[in-house]
4 protein chains.
Amino acid sequence: MKKKAEERKNQILRAAFQAMSVQGYNSVTLQSIADHAEVSKGVVHYYFKNKEDTLSQLLEWLTNKIYNYELASVNSESTPLGKLKAYVNSVFVAPEKNAKFYRVYLDFLSQAGQNETYRKINHHFYQNCWGITSDIITSGQKTGVFEQNINIENTSKTMRAIIDGLLIQWLMNEDINSHQYYKETCYQSFLDLLKVN
Amino acid sequence: MKKKAEERKNQILRAAFQAMSVQGYNSVTLQSIADHAEVSKGVVHYYFKNKEDTLSQLLEWLTNKIYNYELASVNSESTPLGKLKAYVNSVFVAPEKNAKFYRVYLDFLSQAGQNETYRKINHHFYQNCWGITSDIITSGQKTGVFEQNINIENTSKTMRAIIDGLLIQWLMNEDINSHQYYKETCYQSFLDLLKVN
Amino acid sequence: MKKKAEERKNQILRAAFQAMSVQGYNSVTLQSIADHAEVSKGVVHYYFKNKEDTLSQLLEWLTNKIYNYELASVNSESTPLGKLKAYVNSVFVAPEKNAKFYRVYLDFLSQAGQNETYRKINHHFYQNCWGITSDIITSGQKTGVFEQNINIENTSKTMRAIIDGLLIQWLMNEDINSHQYYKETCYQSFLDLLKVN
Amino acid sequence: MKKKAEERKNQILRAAFQAMSVQGYNSVTLQSIADHAEVSKGVVHYYFKNKEDTLSQLLEWLTNKIYNYELASVNSESTPLGKLKAYVNSVFVAPEKNAKFYRVYLDFLSQAGQNETYRKINHHFYQNCWGITSDIITSGQKTGVFEQNINIENTSKTMRAIIDGLLIQWLMNEDINSHQYYKETCYQSFLDLLKVN
DNA sequence: AATGAATGAGTATTCATTCAT
DNA sequence: GATGAATGAATACTCATTCAT
């Protein structure tokens, strides 16, 4: 049954996410993924070709989940500034979630240097993210809230850079309470880049 | 002789940097570090307590080297805009060097989630970097090239975020020629943040 | 299947005994234990946590085996003197077996100085051994073959000391034929201690 | 200078004894011996061929020291019973000394199974020990305190067995206060064997 | 005589992967 | 489909020994 198999895979991917967020890319074992999923070790190999395949699919599943969440948040708003605010809120969603995701995501980024597949999946994620901000900027320029001569591509890339860069800084920080501070810093820098007076 | 030992350690750290930039944090072996340094495996253990100690000292050595280079570049200029430009040039120094450093640096960042020591060394590096931009902003505000009401702390963090975020994007990019593009994007976003007309 | 696992462990313990009797505690490797058991190295780690765990269980298995053999031998006799003789015969069972066991046992005793676990297992073995002679002495005192005012505890300890001490002397001896001589010396000294005229 | 070299060797042997009593035969390193002797690692190799040679000479030095001490103690007494008492006192000299010596001695005994040299040195020590008790028994038989028909050889071996066996038992004991108890048990068993009314 | 830097052989341990049941 | 027993490659680390200084 296809449905069942899909559920099994999701169950394992969730377990892999959980395991990796605790142990890190290099320390996570198929055994611990199986343990988190409450299945036997053989099951993981039954649904995934090998360890790399499992983690590749985790990266894909994870980045899609994040992208879809951000997209839905932005689409729930109608004004450009509303969308921008919603985007930042969806990115800085909550300390625990951000920490968990970025720990895992950083691991994948560091692996991507040696791994073509991860690099491609991540590149697709980037394009999705750039698309979100491109749309926001375009709509803002149409309604005149953002300046006209802003380079959309450059700014989208910079905006994602700020998000990644700030969340990495926040992750390296001992002070988990700084989450709100980093969110506001991020939003303010977006306004500066878009020259919202 | 102390001098000799110091040279030996540097030789090994250079080799470790080389090895890690090729193989990544998890795949690098003490054997390959020894091979790169053209010494026997035992030598690495003679000068460093263990693998983690070796790589900790590599991170420290590396971030200090980068910081000192950036600082010297900035200090070689006298005007705020000259310093800003010099900073960006020193950060985006050359494709090969950036790729090598950021591959290794990303590995350490991803390990930092599980490793207090790495986190601390990196935090010190961050503070040094924030210090560089703080000084530039302060001098720019004094001479009136930058706006007065810019929050120095927030902006310094954002600027480092942009650097990290953009260089990670560039690293994930297949097109190595985009280095110049990312450098210019970085510089332009700095001007926007500092509200240079 | 539980039964199968138990057999596997016994197979490995027998192999460990064999390997240790030849190579000694410090020279025995998990590889050589695996070789003796005709399994792969990984199997040993599958059934035992680590090397120390393997050898701990070997000591326990071994001392229990010896104790049970001695107990059964003594119980097969009904008279005190018969039991005493049976005990000595079961202890000095055969040159090859004694040599094999005492070589291994001495290794464990020497490790026990640094190893709490070994010390505990050995202490339990001692208590079992003292129990055997205590019972023999008690029954001999009841029937009047042994003197009444013998201190059972002291004598039991001395008897075990004689066994250990003589078998160590025999083991250090080049002359393997002296086994019979040491057995008789042991038995005679027991009679002296129990004041059998 | 021969004198100086002899002192150096003794200094190293004392250090080796100290180190081995703490770390055990297998864990002791030439480095730790050198550390205890407060000399460099190279010095040990300068005065001894290799590790085994160092430890062989330690065993010889140690057993000779013990033997000479026991012999002197016995010779300081004139009556057979006095000598016997002195012997037991010299053997059970003090808890710390006994523990230190027997820990090291047991290590050597366990190695002797694989090491001809250790076996030979130990055999010589045994002969010396048997000689002490033989002399005591002979003198006791002459004066009539001990029974005439005691087999001197057998009894000497049994007496050493009791000493070794009891001190091993004591060493395995958690209760260091039992030293006195074991000494008395030893002495009483000697009286029983020698049939002193 | 003495030092300690350098070597490299040897080993416990981990874990992805396979496959018989 | 699912299990988990078995395999063995890979690697950090220790330490006796050598030897240039």
Side-chain angles (χ1 to χ4, degrees), chain A residues 1 4-5 8 23 26-35 37-55, chain B residues 1 4-5 7-9 12 23 26-34 37-55, chain C residues 1 4-5 7-9 12 23 26-34 37-55, chain D residues 1 4-5 8 23 26-35 37-55:
Chain A
M1 196 152 285
K4 190 107 175 269
R8 261 298 199 229
Q23 305 174 271
N26 294 281
S27 301
V28 85
T29 66
L30 290 187
Q31 183 62 65
S32 102
I33 292 174
D35 289 348
E38 293 184 310
V39 296
S40 82
K41 191 160 42 117
V43 171
V44 182
H45 270 102
Y46 188 81
Y47 289 99
F48 298 91
K49 223 178 84 198
N50 52 29
K51 191 181 179 180
E52 198 196 305
D53 181 43
T54 315
L55 297 181
Chain B
M1 200 149 284
K4 193 103 174 273
E7 274 173 34
R8 251 320 191 215
K9 288 189 76 167
I12 293 167
Q23 305 174 272
N26 293 281
S27 301
V28 85
T29 65
L30 290 185
Q31 182 62 66
S32 103
I33 291 174
E38 293 182 309
V39 295
S40 81
K41 192 166 33 113
V43 172
V44 182
H45 275 103
Y46 189 81
Y47 289 97
F48 298 91
K49 223 177 82 200
N50 53 29
K51 190 180 179 181
E52 197 195 305
D53 181 43
T54 315
L55 297 181
Chain C
M1 199 149 286
K4 192 103 174 273
E7 275 173 33
R8 242 341 184 201
K9 288 188 76 168
I12 293 167
Q23 304 173 273
N26 294 280
S27 302
V28 85
T29 66
L30 290 186
Q31 182 62 66
S32 103
I33 291 174
E38 293 182 311
V39 294
S40 82
K41 191 165 35 114
V43 170
V44 182
H45 274 102
Y46 189 82
Y47 289 97
F48 299 91
K49 223 177 84 200
N50 51 32
K51 190 179 178 180
E52 197 196 305
D53 180 45
T54 314
L55 298 181
Chain D
M1 199 153 283
K4 190 108 173 268
R8 258 308 195 222
Q23 306 174 269
N26 293 280
S27 301
V28 86
T29 65
L30 290 187
Q31 182 64 66
S32 101
I33 291 174
D35 290 346
E38 293 182 310
V39 296
S40 83
K41 190 159 44 114
V43 172
V44 182
H45 271 101
Y46 189 83
Y47 289 98
F48 298 91
K49 220 178 86 200
N50 51 30
K51 191 180 178 180
E52 198 196 302
D53 180 44
T54 315
L55 297 180

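All chains are named by letter (A, B, ...) in the order of the sequence lines, taking the proteins before the strands, and each is independently numbered beginning at 1. Computed from a predicted structure; not experimentally measured.
Atom CZ in D/Phe48 sits about 18 Å away from atom C1' in F/dT18, given to the nearest Å. Rounding to whole angstrom units, CD of residue A/Glu52 and P of E/dA16 are separated by 13 Å. We find that CG of A/Leu30 is positioned 13 Å from C1' of E/dT18, with the value rounded to whole Å. Atoms CD (B/Gln23) and C1' (F/dT11) sit 12 Å apart, rounded to a whole Å. In this structure, B/Lys51 places its NZ atom 12 Å from C1' of F/dC13, rounding to the nearest Å. Here the C1' atom of nucleotide E/dA12 and the CD1 atom of C/Ile33 are 11 Å apart, to the nearest Å. To the nearest angstrom, P of E/dA12 lies 16 Å from NZ of C/Lys49. For the pair B/Gln31 CD and E/dG10 P, the computed distance is 15 Å after rounding to whole Å.
With F/dT11, F/dC15, F/dT17 as the candidates, the nucleotide lying closest to the side chain of D/Asn50 is F/dT17. The listed nucleotides are F/dT7, E/dT13, F/dG1; the one nearest the side chain of C/Ser40 is F/dT7.
Put simply, the side chain of C/Lys41 and the base of E/dT13 share a donor and an acceptor less than 3.5 Å apart. For C/Lys4 and E/dT21, a side-chain-to-base donor-acceptor distance below 3.5 Å is absent, hydrogens and geometry of angles not being considered.
Minimum interatomic distance between B/Gln23 and B/Thr29 (heavy atoms only, all atoms of both residues): OE1-N, 4.5 Å. Residue C/Ile12 comes nearest to C/Ala37 through the heavy atom pair CA-CB, 4.4 Å, listed as atom of the first residue, atom of the second, then distance. The two residues A/Thr54 and A/Phe48 come nearest to each other via the heavy atoms OG1-CB, 3.3 Å. Of all non-hydrogen atoms in A/Val28 and A/Ser32, the two that sit nearest each other are CG2-OG, 3.8 Å.
Taking 4.0 angstrom as the limit, C/Arg8 places a side-chain polar atom (N or O) nearer than this to OP1 or OP2 of F/dA6.
F/dT21 and E/dA2 make up a base pair, with Watson-Crick or G-U wobble contacts both under 3.5 Å.
Where B/Glu38 and D/Val43 meet DNA chain E, the nucleotide closest to each residue was compared, and D/Val43 sits on the side nearer the 5' end. Residue-to-nucleotide proximity on DNA chain F shows that, of C/Val39 and B/Val28, the 5′-proximal contact is made by C/Val39. Two residues, D/His45 and C/Tyr47, neighbour DNA chain F, and the one matched to the more 5' nucleotide by heavy-atom proximity is C/Tyr47.
The distance from atom CG of B/Leu30 to atom CG of B/Leu55, rounded to the nearest 0.5 Å, is 7.5 Å.
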